[in-house]
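Structure, as structure tokens:
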Amino acid sequence: MFSRIVVPLDHSDVSEAALPLAADLARRRGIPMVLVHVLEMSPEFTAYVHGVSEADALIELEQSSQQYLNRLAGDIEGVEVSTIVLRGQPARRLVEYVDDLDDSLVVMSSHGRSGFRQLLLGSVTARVVQVSSAPVIVVRASEEGSDIQIPKQIRRVLVPLDGSAFAEHALHAVYELVTRKDVEIHLVRVPEVVAYPSTMYGAASYETVDTYMQAMRTESEEYLVRKSEELKEHQGSVSWEVRDGATSTAILEAAKDFNADLIAIASHGRTGFRRFLLGSVAEQVLHHATVPVMMVGPHDVEDGEAE
């Protein structure tokens, strides 16, 4: 079970977009929240303190940031909230902080859709998703005219599965995130055709391909039935479906049809994030989803990754 929710903040409206959802999750789970701000020692900071004692300037900034966090904490009702101001490179320091805590969930914002490609190429959110050992819920900040949704409560969760233990990391995280009976969980699997079967004479016949595809669909259905039965031991309302088509597109369509408040999906974790960046299903879902996405990676931690 998650023991706390960590919310990184940077004095911006974008970062604060994650607060209502984080507060609701903390309130419903009965766990505390930690609001975090990281002061970065950047060239801009050096210019800022020109002619002023660097130590004095840093103390002044820390006090200002602490007041900012305290103000936000005071507006959150029904949840135990603590605050902390850290120093260092934001992504690295956040990951170090979260990794030192046990059983934490990170809830943080990103820019809206138009800026998300830039986010993937190097923002703090992208780096935390990349290297944190904790699951990260990414809340997209809404933009004028966009269809991005920021739910204040999680009542409907979509979990894509592919039959692997790796993908089920997301399902295990959902177990810890929601247990109340008023939360609906929908499992979806999209059979992926890597190559059609062939015969000794060359390409397979239409009948062979149809048989092959039906076998894949039957296996997918049997798998989802098993997982649904297992999940019903923890959760009352569980549904499932098998979809055809391109995997990421089918997942996004399923989320829209299910009216999901959250998509929980496994990522490659630290060692595989270069592949994740270059076009995996998780990246495509994260890039195009209009609702928050919980990225869950295996704990394949490698030292020196959080740069």
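What's counted below: heavy atoms across the whole structure, side chains too, no hydrogens, waters or symmetry copies.
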N/O donor-acceptor pair under 3.5 Å between His186 side chain and Leu158 backbone:
no
How about Leu39 and Ser65: do any of their side-chain heavy atoms sit closer than 4.5 Å?
yes
Can you tell if the side chain of Thr290 reaches within under 4.5 Å of the side chain of Lys256, non-hydrogen atoms only?
no
Donor-acceptor contact below 3.5 Å, side chain Arg4 vs main chain Asp102:
yes
Please check if the side chain of His169 supplies one atom and the backbone of Phe166 the other of a donor-acceptor pair under 3.5 Å.
yes
Side-chain donor or acceptor of Ser109 paired with backbone N/O of Glu16 under 3.5 Å
no
Interatomic spacing from CD in Gln66 to OG1 in Thr83 - rounded to 0.5 Å
3.5 Å
Got a sec, which pairs hit ring pair (Phe, Tyr, Trp, His ring centres under 6.0 Å) with one end in residues 88-109, sequence neighbours left out?
none
Residues pairing under ring pair (Phe, Tyr, Trp, His ring centres under 6.0 Å) where one sits in residues 67-88, two or more places apart or in two chains, turn out to be His11-Tyr68
Donor-acceptor pair, side chain of Arg27 and main chain of Glu77, under 3.5 angstrom:
yes
Could you note down all residue pairs passing salt bridge (Lys or Arg N to Asp or Glu O under 4.0 Å) where residues 218-227 supplies at least one of them, sequence neighbours left out?
Glu168-Lys227, Arg189-Glu219, Arg217-Glu221, Lys227-Glu230
Is a side-chain donor or acceptor of Arg29 paired with a backbone partner of Glu176 at a separation under 3.5 angstrom?
yes
Side chain to side chain, Ile265 and Val281, heavy atoms closer than 4.5 Å:
yes
Quick check against the 3.5 Å criterion: does Arg243 have a side-chain atom that pairs as donor or acceptor with the backbone of Val188?
no
For Ser228 and Leu224, indicate whether the former's side chain and the latter's backbone hold a donor-acceptor pair under 3.5 Å.
yes
